Structure formats: structure tokens, C-alpha cells
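Quick note on labels: first sequence line is chain A, next is B, and so on, each numbered from 1. These numbers were taken from a predicted model, which means no experiment stands behind them. FYI, side chains are in, hydrogens and waters are out, and symmetry mates aren't considered; it's all heavy atoms of this structure.
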There are 2 protein chains.
Amino acid sequence: MRQWIDVQRKLLPDLLAIMQKRYEILQHIRLMQPIGRRTLALNLGISERVLRSEVQFLKEQNLLDITAAGMSITSDGHDVLMQLEDMMREVLGLKELERKIKQRLPVADVIVVAGDSDQSPWVKREMGRACVSRIKHSLTGNAIVAVTGGTTLAAVAEMMTPDMKYRDVLFVPARGGLGEDVTNQANTICARMAEKAMGHYRLLHVPDQLSAETYHSIIEEPAIKEVLDLIKSSTIVIHGIGDAKTMAERRKTPPKDMKKIEQNEAVAEAFGYYFNQHGEVVHKVNTVGIQLEDVRHVPCVIAVAGGASKAKAIRAYIKQANRCILITDEGAAKQLVRDDSSL
Amino acid sequence: MRQWIDVQRKLLPDLLAIMQKRYEILQHIRLMQPIGRRTLALNLGISERVLRSEVQFLKEQNLLDITAAGMSITSDGHDVLMQLEDMMREVLGLKELERKIKQRLPVADVIVVAGDSDQSPWVKREMGRACVSRIKHSLTGNAIVAVTGGTTLAAVAEMMTPDMKYRDVLFVPARGGLGEDVTNQANTICARMAEKAMGHYRLLHVPDQLSAETYHSIIEEPAIKEVLDLIKSSTIVIHGIGDAKTMAERRKTPPKDMKKIEQNEAVAEAFGYYFNQHGEVVHKVNTVGIQLEDVRHVPCVIAVAGGASKAKAIRAYIKQANRCILITDEGAAKQLVRDDSSL
DNA sequence: CATAGTGGGACTTTAAACGTCCAGATAGAG
DNA sequence: CTCTATCTGGACGTTTAAAGTCCCACTATG
């Protein structure tokens with residue numbers, strides 16, 4: 001396949017560009033369907049007229065449907081898109097990035113999607129899609145999937161699709177309240193993901209700020225304890241990686257902790273833990289649920305994070321992680337490789 | 001690879017056509033270099049202007065050189081062409097033909113090249129090229145290669161290229177005089193092939209028509225006997241397959257034999273043997289050299305024959321052959337498959 | 001029922017591809 | 001050495017396809 005692309009690059013250089021264009025069009029339509037020409041053209045950054053020609057072509061190929069409400073993907077288009085995903089990763093050199101990252105960081109697997117989520121918000125959803133298909137890949141029987149919060153995880157939940165495989169899967173939030181907005185809380189995302197997957201889910205109703213006494217008594221409540229046990233025995237953990245400062249600010253972090261985080265030069269955050277650039281824990285939010293030790297024993301840990309600005313955070317987290325699966329984007333991946341080359 | 005082609009067919013339907021066009025241009029240039037635009041355009045059956053555009057493009061890609069004497073292939077172009085050969089066989093459905101033939105006829109391997117040598121004479125040279133690369137593939141140490149005569153084998157000799165592998169290879173004519181023109185005789189072709197390959201060769205100087213006495217005494221001559229022994233112990237045999245009637249007419253076949261061949265409904269001819277449609281020998285030319293029994297014990301027998309008109313002959317010969325390697329063209333292959341489907 | 005967003009038709013502009021013709025250069029034959 | 005045939009490459013008008021522009025009819029949704 002590699003040589004096939006190389007030959008085509010020599011023999012038909014601009015056709016690969018056209019292929020990429022059509023691929024992106026299909027991809028966007030799938031993402032935003034039903035959608036109109038103008039909106040889509042604006043989104044893709046191409047003229048409306050050329051989009052129109054392309055759309056007409058794609059329609060003639062039976063790859064997309066076109067109704068009064070807008071354009072949407074046919075099942076043929078869906079199939080083509082599925083196969084294209086793999087090829088385009090190779091064409092765009094994303095596989096190359098994956099190889100490099102695998103060489104340089106201790107990860108079990110890497111998937112890089114095109115784009116930079118710093119610049120194009122929809123790239124998060126592509127990471128979400130990649131994450132979902134990766135999960136399906138390593139799903140066995142009646143798994144317990146623990147998920148965290150964050151906008152990236154929200155995107156993952158949004159892209160979740162129902163599947164027979166999820167019939168006996170249980171979704172749980174990885175940890176209790178971390179001080180986030182309700183839309184970004186693990187509970188919310190867990191529920192959303194389970195609904196989209198047509199699977200089951202349990203939630204963890206523990207308030208954010210508790211006195212020590214209440215805390216100790218509440219975790220002895222049978223209803224709570226049962227969920228906590230499920231969480232500790234989860235087989236898959238899906239979590240985001242945040243920039244330490246951004247996360248601390250977004251959460252209602254007390255000034256005392258804020259200072260601690262800053263002074264210890266934390267750069268990364270994941271499920272309530274803050275790491276410095278060497279991957280050492282410098283602070284943790286006190287809450288129930290899975291702990292860092294527990295994570296190390298989970299067979300399948302998937303970290304999802306993208307955008308060039310998160311490269312440092314990703315590197316720091318990966319350093320201490322136990323060969324997790326990383327799902328990221330082109331922006332972050334390139335930055336990671338660049339940083340590594342300059343060291 | 002199969003799916004890659006299918007997707008591209010959907011997404012860029014004319015891509016494969018363009019690819020094929022450029023492939024053919026490169027192929028022809030390699031075959032006829034150095035060659036001018038007009039001659040080439042005429043040969044390819046396309047307008048001179050479009051050829052000019054294509055050539056300009058290919059030149060910019062550094063795939064061909066262009067001098068006052070005409071156009072020729074660069075080493076880059078050669079590499080691309082090598083890789084393309086395989087891909088185009090897949091694209092043009094030739095691999096499909098190969099699969100079908102392998103299913104239906106008792107052959108060890110089949111290679112089908114594009115075109116029909118009945119209509120385009122240069123297709124024989126393509127078969128020649130395919131044959132040469134196939135030989136190299138199954139060449140071991142100091143092999144002895146026996147070759148027959150015929151226009152197709154002449155094309156094989158013409159396409160032979162020198163290679164380190166041929167250093168210890170010995171070329172010999174498979175059989176003595178069969179009544180052909182000197183240009184199509186096994187001796188001539190054997191010498192030509194060996195020269196092109198930079199290998200060694202021995203010839204068999206035995207006149208066509210001999211009395212029984214002379215015959216028996218000549219084969220006892222040490223010089224002759226040595227060559228005959230080499231022939232009998234050859235490790236590779238390359239031969240053509242002819243239409244029985246055509247071959248009989250081309251050779252100075254005596255009326256008596258002619259009648260015998262016709263009455264027994266011979267359809268195929270190979271190294272002096274005539275076969276009917278069931279693969280049974282109905283006549284043989286009396287001469288020294290390898291015999292049909294000997295051929296059965298040669299580890300690698302390669303039959304080269306193309307053109308739709310030869311399909312019947314190929315089928316008949318293959319029926320009695322002991323899992324040989326067949327090198328043919330699209331015209332013959334399609335006819336073979338068609339005949340087989342209608343049975 | 002109004003409005004924002006949709007597809008699609010029609011026309012003009014622009015660029016690329018193509019057909020055609022010819023001049024200058026070069027290799028090979030005589 | 002000369003002559004001729006063949007080669008490339010430039011020039012220019014023509015054709016055809018793509019892209020820009022504007023507008024209209026329709027429809028889903030609030």
C-alpha cells in the first residue's frame with residue numbers, strides 16, 4: 001500500500017489532492033448532516049461553486065443524498081468513508097506520525113487524526129470517532145467502562161454509536177465531583193455515552209465539597225459503595241488530558257491548591273491528578289472513585305487529547321502512564337515529534 | 001489493495017484511466033526508445049497534442065528524458081514502471097483472469113499481460129519481458145535453459161536483459177532443426193538470448209533432412225553428443241505454442257505428414273510435437289534434442305503464447321502438460337475463459 | 001405565517017486543454 | 001561534408017470545462 005501511494009504521488013500528484021478534498025467533504029457532511037452548501041463551504045474554506053461541483057459529482061456517484069433539508073451521507077458514502085479513513089491516514093502521513101510517536105513514547109498504541117483541535121473544534125469529534133472505533137476494537141464480553149469529564153470526552157460521548165457489542169457493557173464515571181461545570185462532569189458524559197451506545201450506566205452522586213465526617217459516612221452508603229466497587233473493577237478507562245493551569249482555573253480550585261499547582265510547575269492534568277513535566281504527581285483533588293494506583297492495573301487505558309497546545313501535557317502524562325493507548329490529533333502529534341527531535 | 005482500487009474507482013473514476021494512459025506511454029517509450037512524438041502518438045492511437053502534454057508532465061516528474069534524438073526513460077521512470085506493472089495487472093483485471101485460468105487449467109502459474117498479440121505485435125515483447133522477469137524469479141545457481149524457436153521466443157530473447165544471476169547460466173536450443181526460417185530457429189534464438197543475457201551458450205548443428213544412417217552416426221559425434229546430454233539435463237525449458245496448421249504450413253512439412261496432421265485434427269504445436277484438442281500427440285517431427293518424455297521431468301517448463309487465435313492451441317497443450325508455467329496475453333486469456341464458461 | 005436556510009437554474013468570466021502550423025536543431029545516411 | 005528526415009519546442013486560435021456571480025423557487029421550523 002505504501003508503494004501504491006508513492007507511485008501515485010509520482011504519476012498523479014494532484015489527484016491525491018482531489019481525493020483529499022472529496023474525502024474532507026464527505027467527512028464534514030457526515031459530521032454535520034443535514035447541512036447546506038453555503039454553511040459547508042464556509043466550514044471547509046472553499047468557494048461555494050467548487051463545492052457545488054464536487055457535491056454534484058458525489059451525488060452522481062451515489063455517495064450522498066441531497067434533500068431540501070440539506071445534504072447527507074448515503075450508506076454507500078458511509079462505506080467509502082470508512083475505507084478512506086485508513087487510506088487517508090497513510091496518504092496524509094499520519095501513520096508516519098504514529099510510527100514516530102510509538103518509537104519515542106512508551107505507549108501501547110497511538111491513533112492520530114487529521115487537523116488541530118486548537119484551530120478547528122470539529123477535530124475533537126474526529127478524535128471521538130477514532131476513540132469509539134478503537135474501543136469497539138478492544139471490547140470483550142461485559143466490560144465496565146469508566147469515563148472522566150472534559151470537553152474532549154464530551155466529544156467522544158457525542159460520537160458514540162449503538163452496537164450489539166455494547167449490550168452488556170456498563171458505563172460508570174471514573175471519579176466523583178472535580179468541580180467542573182455540569183456539562184463537563186463525568187456523570188453527565190457517562191450517561192450521555194451510555195445512552196448513545198444503548199448500554200447501561202450507573203452514576204456517582206457525591207457532592208463536590210464535603211467535610212471529612214460526611215465523606216467517610218457517605219462512602220459507606222450501600223448504594224454509593226456498590227458503584228465505587230464497580231469503578232475499581234473497571235476494565236476500560238477513557239479519560240482526557242488537560243493543561244494543568246487551564247484545568248485548575250476552570251475548576252473552582254481553592255487559592256491554596258492553586259498556589260501549590262503553580263509552584264510545583266504542574267503541566268498536565270488527568271482525572272483529578274496534576275503532573276509536572278517529569279510525570280510526577282504534584283497535587284490531587286480529593287474525591288471518591290478510581291485512583292492513580294487503580295488505573296495502573298486497568299488492562300485498557302485510553303487517553304484522548306489533541307491540539308498543539310496540549311503536547312506538553314500529553315508528554316508529561318504519558319511518561320508516568322503504564323503503556324496506555326493515546327488518541328490525539330495532527331497538531332499535537334507534530335508538536336510532540338518536533339519537541340522530541342529538538343531535545 | 002483490491003479495496004484501495006475500488007474506493008478510488010468510486011471517488012475518482014477517471015483516475016485509473018489517466019493512470020493507464022500514462023502507464024502505456026511510459027511502457028511504449030521504454031519499448032521503442034529513443035522515439036519521437038509523432039511516431040509514438042501514432043502507435044498509441046492518441047492525438048499528438050495530448051501526448052505532448054502528457055510527455056511534458058512526465059518530464060517534469062523526471063520520469064523520462066527528452067533529447068534531440070527522441071524520448072527515453074530515466075532510471076526513476078524505470079522504477080515507477082516496474083512497480084506499475086504489478087498494479088496495472090490488478091487494475092486492468094488481468095489478475096482476475098489469472099485467477100480464473102488457474103482455477104480451470106492445470107498450470108503451476110499464469111501471467112497475463114495486457115493487449116492481444118494478434119492485433120498489436122508489440123504485445124509479444126511484453127510477454128517476453130514478463131517471461132524474462134519470471135525466469136529470473138525461478139533461477140537457481142548454474143541452470144541450463146533450453147529454448148525453442150518461433151516468433152514469440154524471438155521476442156523473449158529480444159527482451160532479455162543482462163544480470164549477475166546469468167553468470168553461470170547455460171543456454172541451449174531445445175531441439176534440432178524443425179524446418180523453420182533461420183530467424184525463427186532455436187539455434188538463432190538461443191544465441192541471441194544468451195548474448196543479451198551475457199550468459200554462455202552451446203548450439204546444435206544438425207541439418208534438417210538426414211538419412212537414417214547419417215543421423216545415427218552424427219549423434220554419436222562427441223561434440224554433438226555433449227550438447228545433447230546438456231539439453232536432456234536442462235533445468236528450465238522455455239517454448240512457444242503454435243497453431244498446428246500455421247506451424248505445419250510455415251515449416252516445409254512433407255505432404256504426407258501434412259495430411260496426417262490434418263486428418264488427426266491437430267490444433268496445437270510445441271517443440272515439434274503436434275497435439276489434438278484433447279492434448280494427445282498425433283505427430284512429431286523427427287529430430288534430435290529434448291523429447292516430450294524428457295520435458296515432463298524438467299522442473300520448470302515455461303510456455304509462452306498469446307493472441308486470441310491461439311487460445312485453442314494453448315488449451316490443448318496445457319491439458320497434457322505437467323503443470324507448466326503459462327505466459328500469455330489478455331486476448332488469449334479472455335478467449336480461454338470464455339470458451340471454458342461456455343462448455 | 002414569516003423567515004432563514006436549502007437546492008438548483010442561468011449567465012459570464014476565466015483558465016486549461018487541444019488542434020494546427022511552423023521554425024530551428026540534430027543525428028544519421030549517402 | 002552535405003543533405004534529409006526526424007526530432008523538439010514555440011506560437012496562436014479554438015474549443016471545452018471549471019469557477020464566479022446572481023437570482024429564484026421551495027421548505028422546514030419556530
Next item on the list: Quick one: which residue pairs count as a salt bridge (Lys or Arg N to Asp or Glu O under 4.0 Å) with a foot in residues 65-80 of chain A, not counting sequence neighbours?
Entry: A/Asp76-B/Lys10
Check: Tell me the ring-ring contact (aromatic ring centres under 6.0 Å, His included) pairs involving residues 30-55 of chain A, sequence neighbours left out?
Finding: none
Item checked: Contacts of A/Gln3 that satisfy side chain to side chain contact (heavy atoms under 4.5 Å, CB included) - sequence neighbours left out -> B/Gln83, B/Met87
Next item on the list: Give every residue pair that meets the side chain to side chain donor-acceptor pair (under 3.5 Å) criterion with at least one member in residues 180-190 of chain B, sequence neighbours excluded.
Entry: B/Glu180-B/Arg251
Show me the side-chain donor-acceptor pairs of residues 32-41 of chain A shorter than 3.5 Å, one per line, residues at least two apart or across chains.
unit_1, atom_1, unit_2, atom_2, d
A/Gln33, OE1, A/Ile73, N, 3.0
A/Gln33, NE2, A/Arg30, O, 3.4
A/Arg37, NE, A/Glu48, OE2, 3.3
A/Arg37, NH2, A/Glu48, OE2, 3.3
A/Arg38, NH1, A/Glu48, OE2, 3.3

Item checked: ring-ring contact (aromatic ring centres under 6.0 Å, His included) partners of residues 32-72 of chain A, not counting sequence neighbours, each pair once -> none
Check: Who are the side chain to side chain contact (heavy atoms under 4.5 Å, CB included) partners of A/Ser133, not counting sequence neighbours?
Finding: none
Checklist line | Pairs meeting criterion ring-ring contact (aromatic ring centres under 6.0 Å, His included) with involvement of residues 7-39 of chain A, two or more places apart | finding: A/His28-A/Trp122
Item checked: B/Gln61: partners by side-chain hydrogen bond (donor to acceptor under 3.5 Å, both in side chains), with sequence neighbours left out -> none
Checklist line | B/Gln56, CD atom: more than 12 neighbouring heavy atoms under 6.0 Å | finding: no
Next item on the list: Between protein and nucleotides 13-30 of chain C, map the contacts as a letter string: B base, S sugar-phosphate only, - none, heavy atoms under 4.0 Å, written 5' to 3'.
Entry: -----BBB-----S----
Next item on the list: Specify the residues of residues 55-67 of chain B, ordered by number, for which at least one heavy atom lies under 4.0 angstrom from an atom of DNA chain D.
Entry: B/Lys59, B/Ile66, B/Thr67
Checklist line | Span of DNA chain D in contact with chain B (heavy atoms, under 4.0 Å) | finding: D/dC7 to D/dA11
